[in-house]
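Quick caveat: nothing in here was measured; it's all calculated off a predicted structure.
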Amino acid sequence: LDMLLFVPTALFPQDGGIRYRGLTQEQVGLILPVDYEIEYICRGSRVIVGPKVRKCLSNGTWTEMDHHSRCLLLCPRVWTSLENGRVTVLPPGPPAEGTVLHYSCHAGFLLEGRNISHCTKLGNWDSPKPLVALCYTLLTLLSWPCAVTGKKKLYIGALFPMSGGWPGGQACLPAAQMALDLVNNRSDILPDYELELIYYDSMCDPGEATKLLYDLLYTEPIKIVLMPGCSSVSTLVAEAARMWNLIVFSYGSSSPALSNRQRFPTFFRTHPSATLHNPTRVRLFQKWKWTKIATIQQTTEVFTSTLDDLEQRVKEAGIEISVRQSFLTDPAVAVKNLKRQDARIIVGLFYETEARKVFCEVYKEKLFGKKYVWFLIGWYADNWFKIKDPAINCTVEQMTEAVEGHVTTEIVMLNPETVRGASNLTSQEFLAQLMSRLGGKNPEETGGFQEAPLAYDAVWALALALNKTVAPLRGKGRRLEDFNYNNKDITSEIYRALNTSSFEGVSGHVVFDAQGSRMAWTLIEQLQGGSYKKIGYYDSTKGNLSWYGNDKWIGAGPPADQTVVIEEFRFLSQKLFVSVSVFAGMGILLGIVCLTFNIYNSNVRYIQNSQPYLNNITAVGCVLALAAVFPLGIDGHHVHRSQFPVVCQFRLWLLGLGFSLAYGSMFTKIWWVHTVYTKKDEKKEKRKHLEPWKLYATVGVLLAIDVLSLMIWQIVDPLHITVEKFTKEAPKADLDVLIQPLLEHCSSEKMNTWLGKLSFFNAFLLVGVVYGYKGLLLLLGIFLAYETKSISTEKINDHRAVGMAIYNVAVLCMITAPVTMILSSQQDASFAFASLAIVFSVYITLVVLFVPKMRRLITRGEWQSEQQDTLKTGSSTNNNDEEKSRQLERENRELQKIIQEKEERVTELRNQLAERQALRSRRHTSSQNQNQNHSAPPPPSSQAEPPGYSPGTEQHSLPPSFSNSSNLYQGEGKLSRNHCHNSRLPLLYK
């Protein structure tokens with residue numbers, strides 16, 4: 001009973017529909033609860049006439065069923081008002097289809113035209129408005145064609161913010177009234193008209209302004225122009241005014257968004273756009289040679305648009321916005337981010353109340369002083385930072401300290417020159433009259449005092465433009481008083497007149513650009529000692545900067561736009577370089593001495609048996625490796641940057657060739673010894689004659705591989721200089737600079753591929769071409785040296801010394817290679833480690849290989865040549881001794897095998913002997929028992945004695961190694977074939 005089916009179709013209005021609140025599409029088709037409300041809506045520009053909302057009743061019907069709801073077109077409201085007359089609207093309400101207007105005149109006036117008009121369903125009136133809503137007095141008709149006595153009024157609808165975020169109306173309203181009084185008293189400007197101001201307090205609030213705009217448009221009289229104040233209100237008014245063909249003229253709007261002619265086609269303003277500050281700011285950035293800035297803004301459209309324009313301008317000027325911060329109400333986080341990101345030159349865009357919050361946080365974060373410059377908007381009150389604000393917890397002294405030295409850019413709102421303009425007042429005379437009208441109020445505490453000249457000139461600009469339209473309109477048979485909200489012709493004439501305006505006002509020269517914005521000079525001020533001082537002007541139209549040169553800075557001059565970074569190259573310690581160079585030089589001298597010694601004594605047999613030519617190659621390689629120490633220590637301190645790649649080449653080639661020659665010759669020796677003396681006997685015999693050319697060929701192959709790899713490297717990916725950057729360092733002195741340490745390296749594009757790279761993240765070694773090849777040689781050399789440590793040969797009599805040198809070189813190289821890569825960023829440690837590793841390995845190699853030879857030749861006097869030694873002892877003595885030694889070794893091994901076999905046989909026989917002795921004991925015991933029984937002696941044993949048995953063995957046994965072996969040798973007689981006597985066995989067995 002308390003439910004109703006879906007709405008009857010009869011309730012749907014034509015050209016409209018119903019809005020169901022809180023229901024889905026499926027629920028709409030079912031039933032609706034009692035007290036549920038529906039709302040009618042219309043299509044297009046139609047409006048609801050009749051009940052707009054209906055409620056479901058418990059009886060299954062809707063409220064106000066006897067009143068129909070229709071969607072009708074409205075007729076123009078202009079017809080509903082009549083100057084000097086009355087209009088009766090029947091039925092009362094909006095002028096929709098069926099509305100009838102009845103016109104009548106006030107006493108003393110007559111009506112020309114029909115006194116009744118009907119609104120049709122097309123949204124039009126069926127007759128023109130009586131004489132365009134003008135009534136004439138009887139006196140006028142009797143004295144026609146004489147002029148009408150008295151002035152006709154033209155109304156200006158204005159919104160002055162007397163309170164709110166920007167209470168600019170406090171000074172701008174008196175200034176506008178001053179201008180109206182002067183205009184209305186001028187006989188040369190609008191002589192037949194009187195301008196009257198109808199104004200409301202918008203409180204700088206778009207919501208409040210919407211209500212007031214409705215009252216201005218829909219209450220008599222008709223307004224010919226609208227004059228809003230702050231930007232947010234102007235945006236609303238200017239966007240709506242196009243629907244009523246109204247010109248909007250603002251005196252206090254700076255939002256760059258209002259320069260959009262597509263969105264605001266009838267908007268003009270005497271207050272320049274906020275973007276006019278940006279050319280001035282960019283010019284100052286260039287003057288003080290700043291290339292990096294930061295910004296902080298309040299999140300509103302005017303500041304966002306201004307910042308977007310600034311970003312575009314600084315980009316064109318080659319200036320970077322490194323930090324961009326914004327806030328809604330609390331700037332604490334944004335200011336901290338500026339501090340954290342080292343912002344120095346900061347542009348602040350916010351209203352005055354937020355400016356106090358910002359600089360309270362600036363004081364807390366110490367974002368002021370000689371290192372910082374703030375750029376603010378210049379239209380704050382001069383004492384804005386001294387005003388007590390309960391929203392902040394900073395004292396006046398702290399605020400004064402924080403804002404000291406900041407720069408403001410302000411549109412020139414008061415003509416600095418003593419010029420009488422269109423109002424016949426100088427700027428100073430205007431200020432005097434304004435102060436009189438304000439009743440002695442403090443200008444610093446009066447909102448909009450700086451913008452008052454703009455409001456004054458706005459009224460004058462409008463009056464001059466209207467005056468300019470009188471003649472063109474008269475030529476078209478029109479008059480200003482004919483204006484209504486449907487008349488585009490009069491609006492177009494006013495637009496053209498304003499667009500071509502140019503006159504001298506108290507704020508300076510008044511002229512508008514294509515977007516309707518005022519073009520003006522910019523005043524540049526700086527806060528010095530708690531008060532603002534003018535330091536220059538900038539004319540953005542001509543790009544001319546007028547500079548007074550009285551700017552003052554906390555430091556020695558304008559601060560840097562960022563911490564000055566001084567690049568400083570790290571060079572090798574010269575003391576370290578000289579010390580290591582001395583050791584390297586002494587090593588080169590030692591290498592030359594060893595090479596000379598080896599060449600001079602090359603005919604001595606002991607030297608000849610060490611392969612002197614390979615030793616010579618080793619000495620040359622050591623000298624080259626030591627020579628590489630010098631280019632390793634040469635850096636930008638010694639040579640120009642362009643010559644550094646040559647030094648890199650010397651490093652690579654000297655060290656590479658030195659390693660190949662020195663290590664390659666030693667590797668060849670140890671390789672040959674291993675090949676000959678670790679093979680089977682038959683292969684040894686085949687290779688017992690050493691062929692020197694094979695050794696030299698091996699060294700040549702190793703050297704060729706190294707040269708080829710280095711050549712390919714230099715052709716495909718040549719070395720070049722690279723610069724490594726380190727973390728910036730602060731100097732000890734209190735300077736606004738940082739030191740950027742730099743270090744030069746020799747590198748190539750694929751350096752890691754050529755040398756190999758140690759990766760600690762993957763924990764494995766990516767072996768490259770050079771390090772991989774040489775690393776394998778080092779490992780193989782260690783293996784060969786270990787395998788041949790016990791071999792003795794006269795063909796290469798120093799192979800043990802070579803093995804020791806290989807151990808040292810391999811260990812030092814394998815440690816040095818990864819460590820120097822890790823220490824590459826520490827030039828002193830890297831050089832010391834690499835160079836000392838080279839020096840030590842070379843010293844060890846030279847001392848191990850050559851010093852024993854020198855000592856032997858000196859102490860033993862073995863200076864004879866091979867020819868002299870042959871005359872004394874014969875040329876084959878050494879070879880015979882070697883052959884005898886090999887023969888004895890073979891005999892010794894055979895005798896050891898025989899001894900082992902005989903010992904095994906002795907052990908077996910002794911076990912048999914023990915068993916037989918046990919058997920004989922049992923038999924002997926049994927015989928004694930029989931003798932006792934029969935008293936007869938036991939018969940002699942017929943058991944044969946075991947071979948080699950001696951009756952006294954049990955009491956006097958010999959050691960197995962002598963007694964058993966001696967008996968067996970005599971019994972077996974196997975040694976006779978080698979003609980060896982038993983007396984030699986202990987020595988041979990040992």
Asks: Can you see which heavy atom on Ala584 is nearest to which on Phe630, and at what distance?
Replies: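 Smallest interatomic distance, heavy atoms only, reads CB-CZ, 4.2 Å.
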
Asks: Supply the atom-to-atom distance Cys648 SG to Ile634 CD1, rounded to the nearest 0.5 angstrom.
Replies: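 Reported value, rounded in 0.5 Å steps: 10.5 Å.
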
Asks: Can Gln900 and Gln896 be said to form a side chain to side chain contact (heavy atoms under 4.5 Å, CB included), step by step?
Replies: CA-CA 6 Å; Gln900 185 177 1; Gln896 289 176 3; over 6 Å; no

Asks: Rounded at 0.5 Å granularity, tell me how far CD in Gln574 sits from OG in Ser579.
Replies: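 Gln574 atom CD to Ser579 atom OG measures 10.5 Å (nearest 0.5 Å).
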
Asks: Mark yes when over 12 heavy atoms from residues, nucleotides or ligands other than Trp653 sit less than 6.0 Å from its CH2; otherwise mark no.
Replies: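 It does: Trp653 CH2 has more than 12 such atoms within range.
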
Asks: Counting only heavy atoms not in Tyr613, do more than 12 fall under 6.0 Å of its OH?
Replies: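 Counting other residues, nucleotides and ligands, OH of Tyr613 stays at 12 neighbours or fewer.
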
Asks: To the nearest 0.5 Å, how far apart are CZ in Arg923 and CZ in Arg916?
Replies: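 Between atom CZ of Arg923 and atom CZ of Arg916 there are 10.5 Å.
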
Asks: Taking all atoms of both residues into account, what is the closest heavy-atom pair of Val623 and Ile588, and its distance?
Replies: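 Scanning both residues completely, I find the closest heavy atoms to be CG1-CG2, 3.9 Å.
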
Asks: Treating Tyr843 as the side-chain partner and Phe583 as the backbone partner, does any N or O pair qualify as donor plus acceptor under 3.5 Å?
Replies: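 Yes: the side chain of Tyr843 pairs with the backbone of Phe583.
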
Asks: Report yes or no: do Lys669 and Asn615 form a side-chain donor-acceptor pair below 3.5 Å?
Replies: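 Yes, because at least one side-chain N or O of Lys669 sits under 3.5 Å from a partner of the opposite role on Asn615.
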
Asks: Would Val582 and Met586 count as a side chain to side chain contact (heavy atoms under 4.5 Å, CB included) here? Give the steps.
Replies: CA-CA 6 Å; Val582 169; Met586 294 173 60; 4.0 Å; yes

Asks: Could you check Ser835 against Val629 for side chain to side chain contact (heavy atoms under 4.5 Å, CB included), going step by step and ending with a plain yes or no?
Replies: CA-CA 6 Å; Ser835 59; Val629 171; 3.9 Å; yes

Asks: Minimum heavy-atom separation for Ala619 to Gly591, with atom names?
Replies: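 Shortest heavy-atom separation between Ala619 and Gly591 comes out as CB-O, 4.1 Å.
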
Asks: Would you please test Val802 and Phe667 for side chain to side chain contact (heavy atoms under 4.5 Å, CB included) and show each step?
Replies: CA-CA 8 Å; Val802 170; Phe667 178 81; over 6 Å; no

Asks: Taking all heavy atoms of Ala662 and all of Cys622, pick out the closest pair and write down the distance.
Replies: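 Taking Ala662 first and Cys622 second, the nearest heavy atoms are CB-N, 3.9 Å.
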
Asks: What are the two closest heavy atoms between Val847 and Pro852, and how far apart are they?
Replies: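 Looking at all heavy atoms of both residues, the shortest contact is O-CD, 3.2 Å.
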
Asks: Give the intermediate values and the outcome of salt bridge (charged side-chain N to carboxylate O under 4.0 Å, His left out) for residues Lys897 and Glu894.
Replies: CA-CA 5 Å; Lys897 292 179 181 179; Glu894 292 177 358; over 6 Å; no

Asks: If you take all heavy atoms of Val848 and Ala801, which pair is closest and at what distance?
Replies: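 Heavy atoms of Val848 and Ala801 come nearest at CG1-O, 3.1 Å.
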
Asks: Under 4.5 Å between any side-chain heavy atoms of Pro631 and Gln649, yes or no?
Replies: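 Result no, sub-4.5 Å side-chain heavy-atom pair not found.
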
Asks: Can you tell me how far the CG atom of Leu595 sits from the CD1 atom of Ile617, to the nearest 0.5 Å?
Replies: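 With rounding to 0.5 Å, CG (Leu595) is 10.5 Å from CD1 (Ile617).
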
Asks: Atom OG1 of Thr618 and atom CZ of Phe850: how far apart are they, to the nearest 0.5 Å?
Replies: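 One gets 6.0 Å once the value is rounded to the nearest 0.5 Å.
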
Asks: Hey, could you give me the OG1/CG distance between Thr698 and Leu703, rounded to the nearest 0.5 Å?
Replies: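 Rounded to the nearest 0.5 Å, the OG1-CG separation comes to 12.5 Å.
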
